[in-house]
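Read the structure below first, then the notes.
Just so we're on the same page: letters track the sequence lines, and every chain starts at 1.
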2 protein chains.
Amino acid sequence: MEHILPNLAKGRAPLEPEKLIRREPLEPGTFKRMIRKMGLKVTQQRLAILESLSAGRAHVTAQEVFETVNARYPEIGFATVYRFLRKMAEQKMVTEVRMGGLPARYELTPRRHHDHLTCKLCGQIVEFESPQIEALQEQVAKEHNFRLTHHVLELYGDCARCRTG
Amino acid sequence: MEHILPNLAKGRAPLEPEKLIRREPLEPGTFKRMIRKMGLKVTQQRLAILESLSAGRAHVTAQEVFETVNARYPEIGFATVYRFLRKMAEQKMVTEVRMGGLPARYELTPRRHHDHLTCKLCGQIVEFESPQIEALQEQVAKEHNFRLTHHVLELYGDCARCRTG
DNA sequence: CCCCTAATTGACACTCGTTCTCATTTATGA
DNA sequence: TCATAAATGAGAACGAGTGTCAATTAGGGG
Ligand SMILES: [Mn+2]
Ligand SMILES: [Mn+2]
Ligand SMILES: [Zn+2]
Ligand SMILES: [Zn+2]
C-alpha cells in the first residue's frame with residue numbers, strides 16, 4: 001500500500017477525486033471587489049486566478065492553479081500566479097496549508113477557521129473545527145507569556161476506507 | 001522590528017543564543033547502540049552526526065549539522081548528513097520540525113512527545129506538552145474514523161521580551 | 001475619452017534545500 | 001581474510017519558489 005503524499009508532491013492525481021473538498025462558487029463581481037479591497041488593480045489574470053480558486057477544489061497548489069488558468073488563458077505566466085497567491089496570503093485573503101515538505105496548498109480563507117485531518121494513503125483532506133483545542137492553545141501561549149498570532153495544526157492518519165480496503 | 005524567521009532561513013544566527021534549547025549530552029557508546037538498533041552499519045560519519053545532534057542545541061538544520069561535523073571531520077559530504085537524517089527520521093529516531101517553508105530542523109526524538117511554540121520575532125522555541133490537546137486530537141480523528149498516526153502542532157506568536165522592547 | 005504613469009505582466013534566469021547518481025571505499029559476518 | 005552489500009563523497013540534478021527586466025496595461029486626472 002503506497003503512500004500518496006510523496007506522489008502528490010510529484011503532481012500525480014489524487015486517488016479519490018469524488019472526495020475532494022469543493023466550495024460553492026462565488027457569484028462574479030465578488031472577485032473585483034476582493035481585488036479592490038486589497039488595493040490592487042483588477043486584471044484578467046487576477047480574475048481568472050480567483051475564479052479558479054473559487055470554483056475548483058479547495059487546497060490547490062500554485063502549479064494546479066497555473067494549469068487551470070493556463071487552459072483558458074494560455075499566455076499567463078506562472079510568476080503571476082505565485083505573486084498573486086503570495087499577496088493574497090499576506091492579506092489573509094487566502095490561507096496557505098503546508099503538509100511536511102510538500103508544495104504549499106492554498107484555499108480562499110473561509111469565514112470560519114478550521115484545521116485539517118489528512119489521510120496519508122489516499123490524500124483525502126477532512127476539515128474540522130475544535131474550539132476546545134483552540135482555547136487550549138491560547139492557554140499554552142498565555143502560560144509562556146506569548147501573544148499568539150497563528151498556529152499550524154495538521155493531523156495525519158489512515159482513513160476508514162483505506163484501512164479496510 | 002524585523003521578523004527573524006526569514007533570516008534564520010538564510011542562515012543568520014538567532015538573536016538570543018542563551019535561550020536556545022540544549023539537551024544533556026549522551027554518554028558515548030549509546031550512539032553505536034542507536035545505529036545498530038536501526039539495522040545500519042556503524043561508521044565514523046554517523047557517530048559524528050549523532051554526537052553533534054546530542055551535544056549541541058536542539059532543532060538544528062541539516063546545514064548546521066553538516067557544518068558542525070565538517071569542522072572536526074572535513075571530508076564528510078553533505079549527502080551523508082541528509083541521508084542519515086532522513087533514515088533516522090523514518091525510524092523516528094529523530095523528529096523533523098518544519099516551520100512554514102523554512103529548512104527542516106531536527107532533534108533527537110525525546111522520550112516524551114512535545115510540540116513547539118515559536119517567537120516570530122526572535123526565533124526562540126519553547127517546548128510544551130499538552131495531554132489535553134493530544135486527547136482532543138484523538139477524539140477528532142475518531143469522529144472521522146481515522147486512525148491517527150502523527151500530527152503537527154506549531155504555535156506562533158510574539159514572546160514577552162520581544163513585545164516589551 | 002485620452003494620457004500618463006505606476007502597477008502589473010511574462011519570460012526566463014536564478015536561488016536554495018534536498019535528492020539522485022555513480023564510481024570508490026568500507027564495515028561486517030562468514 | 002575475504003566477499004559482498006552497504007555506505008560514502010563529489011557533484012549533477014531536481015523542484016518549488018523568487019528576482020529581474022523590458023514590455024504592457026489599468027485607471028485616475030485632465
Ligand atoms: Mn481547508
Ligand atoms: Mn523540540
Ligand atoms: Zn484514505
Ligand atoms: Zn521573541
Side-chain angles (χ1 to χ4, degrees), chain A residues 5-12 31-50 60-67 69-70 72-91 94 96-106, chain B residues 5-12 31-50 59-67 69-70 73-91 94 96-106:
Chain A
L5 294 187
N7 300 336
L8 284 175
K10 293 187 181 129
R12 198 188 299 180
F31 302 139
K32 287 193 180 181
R33 233 172 297 129
M34 293 171 67
I35 298 172
R36 293 223 171 87
K37 194 178 352 167
M38 291 188 280
L40 301 173
K41 292 188 174 179
V42 175
T43 65
Q44 287 314 305
Q45 292 90 329
R46 283 169 176 171
L47 288 173
I49 291 168
L50 275 176
V60 284
T61 63
Q63 262 310 315
E64 287 164 355
V65 174
F66 170 72
E67 280 159 24
V69 174
N70 189 251
R72 305 212 169 191
Y73 200 86
E75 68 278 23
I76 196 173
F78 59 79
T80 302
V81 173
Y82 273 105
R83 270 187 301 236
F84 189 43
L85 285 175
R86 200 200 321 163
K87 205 154 272 183
M88 286 196 291
E90 280 163 12
Q91 318 236 355
V94 303
E96 225 185 55
V97 181
R98 282 175 186 275
M99 322 194 312
L102 301 176
R105 290 178 175 271
Y106 300 87
Chain B
L5 295 188
N7 299 335
L8 285 175
K10 294 186 179 129
R12 196 189 299 180
F31 301 138
K32 285 193 182 180
R33 231 171 300 129
M34 293 170 68
I35 297 173
R36 294 224 171 86
K37 192 175 356 162
M38 291 189 280
L40 301 173
K41 293 186 173 179
V42 175
T43 65
Q44 288 313 305
Q45 292 91 325
R46 284 169 174 171
L47 288 172
I49 291 168
L50 275 175
H59 314 119
V60 285
T61 62
Q63 257 313 312
E64 287 164 356
V65 173
F66 170 73
E67 279 159 23
V69 174
N70 189 250
Y73 201 87
E75 68 278 24
I76 195 173
F78 227 34
T80 302
V81 174
Y82 273 104
R83 269 187 301 235
F84 190 42
L85 285 175
R86 199 198 325 159
K87 205 153 272 185
M88 285 196 292
E90 279 163 13
Q91 318 237 354
V94 304
E96 224 186 55
V97 181
R98 284 176 186 272
M99 323 194 311
L102 300 177
R105 291 178 175 272
Y106 300 87

Checklist entry - Under 4.0 Å between a side-chain N/O of Tyr82(A) and OP1 or OP2 of dG17(D), yes or no? => result yes
Checklist entry - Along nucleotides 8-15 of chain C, 5' to 3', which nucleotides get a B, which get an S, and which get a -, given that the test is a protein heavy-atom distance under 4.0 Å? => result SBBBB---
Checklist entry - Heavy-atom distance under 4.5 Å between the side chains of Glu90(B) and Arg86(B), does that happen here? => result yes
Next on the checklist: With a 4.5 Å cut-off on side-chain heavy atoms, are Tyr106(B) and Val65(B) touching?
Outcome noted: no
Checklist outcome for this item: note: Phe31(B), atom CZ; dA27(C), atom P; distance rounded to Å ~ 19 Å
Checklist entry - Less than 4.5 Å apart, any side-chain heavy atom of Asn70(A) and any of Phe78(A)? => result no
Item to check | Side-chain N or O of Arg86(B) closer than 4.0 Å to phosphate OP1/OP2 of dC20(C) | outcome: yes
Checklist entry - CG of Leu85(A) versus C1' of dA16(D): gap in Å, rounded? => result 13 Å
Checklist entry - Atom CZ of Arg98(A) to atom C1' of dG17(D): distance rounded to whole Å? => result 9 Å
Checklist entry - Do any N or O atoms from the side chain of Glu67(A) and from the backbone of Glu64(A) form a donor-acceptor pair under 3.5 angstrom? => result no
Checklist entry - Any side-chain heavy atom of Tyr73(A) sitting closer than 4.5 Å to one from Gln44(A)? => result yes
Using a 3.5 Å cut-off and no angle test, enumerate the donor-acceptor pairs between side-chain atoms of residues 35-42 of chain A and protein atoms at least two apart in sequence or in another chain.
none

Checklist entry - For Arg105(B) and dT18(C), what is the distance between atoms CZ and C1' respectively, to the nearest whole Å? => result 16 Å
Checklist entry - Starting at CZ of Arg36(B) and ending at C1' of dA7(D), how long is that distance when rounded to a whole Å? => result 15 Å
Next on the checklist: Please determine whether side-chain contact (heavy atoms from CB on, under 4.5 Å) holds for the pair Arg46(A) and Thr80(A), giving the CA-CA distance in whole Å, both sets of side-chain angles, and the decisive distance to 0.1 Å.
Outcome noted: CA-CA 8 Å; Arg46(A) 283 169 176 171; Thr80(A) 302; 5.8 Å; no
Item to check | the helix from dC1(C)-dG30(D) to dA30(C)-dT1(D): angle between end helix axes, five pairs per end, rounded to 10 degrees | outcome: 30°
Checklist entry - Between Gln63(A) (CD) and dG15(D) (P), how many Å, whole number? => result 11 Å
Checklist outcome for this item: Rounded to whole Å, CG of Asn70(B) lies from C1' of dT8(D) at a distance of 14 Å
Checklist entry - Which whole-number value in Å describes the distance from Glu67(B) CD to dG17(C) C1'? => result 13 Å
